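What you are looking at is a predicted structure, and each value in this text was computed from that prediction instead of being measured.
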Amino acid sequence: MFVTLKARAMKNIISLSVVPFLLAGLLASCSSPAPKTEEKPKLIVEQPEVLDVEPVKGRLNVYTSMARATKYNVSSANKNLYKLAVTDTTGKSADQFFASLRDVKNNAQPTFYDASRDLDLAIVYAASHLTTNVRYIQSYIYQKAAQQLALATIRAHQDTLFAQRKIKELDRRIATQEKSVKNLDAKLAKKGSLSEADLEYKKTLEVSIHKMQEMKVFLMALVKDFATLTKAESQDLHLQGKNFYELQDFDKRNQLETFQNTAVDNRIEFDLARKSIYGFNPRNVLQEAKASYPETMRLDINGVDENTQRYKQSLVNTAQKLSKALVEEVNAYLSEQDLELKSAALRQAFEQLGAAIMVQIELDYMMVRTADFDYVAAANKAASLRDEIRKQERQKNISGEALNALINKRLELDDAEWMQTQISSERAMALRALYFHAGLSPFSQSLLKEKIVPIETALKKAFNQDMIEMLAKAENHAKVLKTTGNTWAKEDNWLEILIDHSGKKEEKPITLPLKPLGDFDPYVGAEYNKLPVMQLGAYRQKENANIEWQMLREIYPEFALVKPKIESSMQGGKMMYRLILKSKNGGWLDICNKLRADKVECILRSK
């Protein structure tokens, strides 16, 4: 059944949507009494009143869809999110807070979806309770509600594109197969019986028609839901899929650290922390997060560990641990009566909030990267099935078991195409969540009072100009800070130092650095071309070095005839493995600068 397929698909791929919180679900209240807390100021929600819904003009692209969905639904979503994160949950323990967000009967390991959902709500809870500024709370929750509606629309738009195309295909196939069944019924009526082969063929057709009809009903519901979300008439709904997203290709040069640095500069939670806590520095929070949660920080290990199940589960566990800790820190602040202790509790809660934001961005980043890998596998499977179907269709006078196999193969392709679409839409949504969580905030009450066209124009500018400028500015800012920071970051064994000392090694003078000041700036000078050793990464597991080498060989033809070496050394009680290439006469300058331009780890060494 197609509903079963959908459930299976959603279990196996990433999922980020939190909109059911806003539109359909509220946290169940708990019977146990809440601890004594500060009384929250009553929120007076000022919403743009929607008197008339603008008719849809032409095809709906993703930006028009986001504009309509946010404008016409944000009022309800805003009220629901406030109720969910503030009114119904103030002072409750972390276990009570998250109790109704998960199926207590499900004993499966938590997923990216579970971790992202819990962490996002905990962050909203914290930011809404660490200030009594009503205007801030109002603006903050409003923006979060609009962002979550936009994410749901991004996914729904792509799913609906698939649904509309697939429904037309299913109608054609159902009509053809129903005609074949009628012919077999006529043959049965005429002869009084059917051969064993005809009976098997008729059964296969009937099962196929039933499954396709079931799929069609499900897809029609998707189209209807999208029409409801965007306040459009489903029968006249036409979507634009060409150039679906200008930024669909994930820029690999923007590493995890880039997005985290962007968040430090742009997240409004950090603005609140700066105003509330004297001397608060979000960059210290980023460093503390690395020190406190070393298993989940990538430590620039060339993207290998991040694709292992151990890494992913560690990240999920860290996110859920942080979610609970953040709620408890906020509750400790709210219930503290001593003014001096309350000030310390406020600082501690903001620091925990900052760490949660850093891990939230890592979750988003991993969702995008995971979807990249999953999409390739799903696309390859669908392409392989299409090839098999085409080969079978070219056969002359196909009948019997071969014909039944062909019908079933088409159903299998339906499943594969749906899986591919789900991964693609989840990826598109996760990428935009990454932008939002890095600090992009295009929504405001004044904007959503506008007509649809100005809102659409503002969203296009936000995703295609503002975000790029934010990333570039944050990266440049981080470079400036890095060049004036600890010199340990410029040493060729910086990874081991970071693991041993959590990035707090004392300053010491250096003469000639073995690499440029910036992590990926090019080496300049002929002397670097004489260095005999090129290091391509340092790893905690030897197999990761081998995996990385295979990936590099596939991407860079210069490595086709080169054999690497893996050095091992004990650092602070931990075995580290370095992937290196050696040449007595050097000659590594050009390829190393090429790698660094691609944001791939490369260090030239003298030994």
Side-chain angles (χ1 to χ4, degrees), residues 248-258 298-308 311 365 368-370 372-377 379-380 471-472 475 479 482 489-496 498 512-569 575-607:
Q248 185 64 21
D249 292 331
F250 186 51
D251 190 343
K252 300 300 192 297
R253 291 174 297 177
N254 290 325
Q255 300 294 313
L256 170 62
E257 186 178 7
T258 303
R298 292 173 59 252
L299 300 176
D300 212 357
I301 53 175
N302 297 316
V304 176
D305 264 3
E306 67 184 27
N307 296 319
T308 66
Y311 171 87
Y365 186 87
V368 177
R369 293 297 301 271
T370 299
D372 282 338
F373 287 101
D374 289 347
Y375 183 83
V376 171
N380 288 340
L471 291 169
E475 191 167 8
K479 276 186 178 181
K482 190 174 291 185
K490 306 176 182 65
E491 300 178 12
D492 71 330
N493 65 331
W494 66 274
L495 175 61
E496 292 89 334
L498 181 58
L512 178 66
L514 289 183
K515 66 173 182 174
L517 295 179
D519 281 347
F520 298 106
D521 292 341
Y523 287 95
V524 178
E527 68 273 14
Y528 288 113
N529 204 35
K530 299 176 183 178
L531 296 177
V533 179
M534 179 167 64
Q535 179 177 318
L536 301 176
Y539 313 87
R540 283 169 281 180
Q541 297 177 355
K542 186 175 181 180
E543 58 266 28
N544 290 339
N546 291 321
I547 294 172
E548 178 68 13
W549 176 247
Q550 294 302 320
M551 293 171 60
L552 289 173
R553 284 192 63 185
E554 293 178 4
I555 298 173
Y556 299 98
E558 294 90 337
F559 292 147
L561 301 178
V562 183
K563 289 187 177 181
K565 293 185 178 180
I566 299 178
E567 291 181 336
S568 61
S569 63
M575 184 65 72
M576 298 298 299
Y577 299 93
R578 297 174 177 171
L579 177 62
I580 64 171
L581 297 174
K582 286 187 175 182
S583 171
K584 181 187 293 186
N585 299 321
W588 300 118
L589 182 62
D590 289 342
I591 179 60
C592 189
N593 280 343
K594 180 178 179 180
L595 292 170
R596 293 171 77 85
D598 293 341
K599 295 297 180 73
V600 176
E601 173 70 21
C602 177
I603 300 172
L604 297 180
R605 295 167 25 193
S606 59
K607 60 180 180 178

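- Residues Y523 and N529 form no side-chain contact, since every pair of their non-hydrogen atoms from C-beta on lies 4.5 Å or further apart.
- If you take CG on L595 and OH on Y556, they are separated by 5.0 Å, rounding to the nearest 0.5 Å.
- The structure places OG of S568 at 11.0 Å from CE of M576, a figure rounded to the nearest 0.5 Å.
- M534 CE to I603 CD1: the interatomic distance, rounded to the nearest 0.5 Å, is 11.5 Å.
- Atom CD1 of I591 and atom CD of E558 lie 4.0 Å apart (nearest 0.5 Å).
- Counting all heavy atoms, side chain and backbone alike, F559 lies closest to L536 at CZ-CD1, 4.3 Å.
- The minimum heavy-atom distance linking S606 with P532 is given by the pair O-CG, 3.3 Å.
- Using a 4.0 Å cut-off between charged nitrogen and carboxylate oxygen, E567 and R605 count as a salt-bridge pair.
- For A377, the side-chain contact (heavy atoms from CB on, under 4.5 Å) criterion is met by no residue, not counting sequence neighbours.
- L604 places none of its side-chain heavy atoms less than 4.5 Å from the side chain of Q535.
- For P564, the side-chain contact (heavy atoms from CB on, under 4.5 Å) test picks out W549, L579, L581, with sequence neighbours left out.
- Nearest heavy atom pair, residue S583 against residue W588, reads CB-CZ2, 3.5 Å.
- From D590, atom CG reaches atom NZ of K594 across 10.0 Å, with rounding to the nearest 0.5 Å.
- With sequence neighbours left out, the salt bridge (Lys or Arg N to Asp or Glu O under 4.0 Å) criterion links K582 to no other residue.
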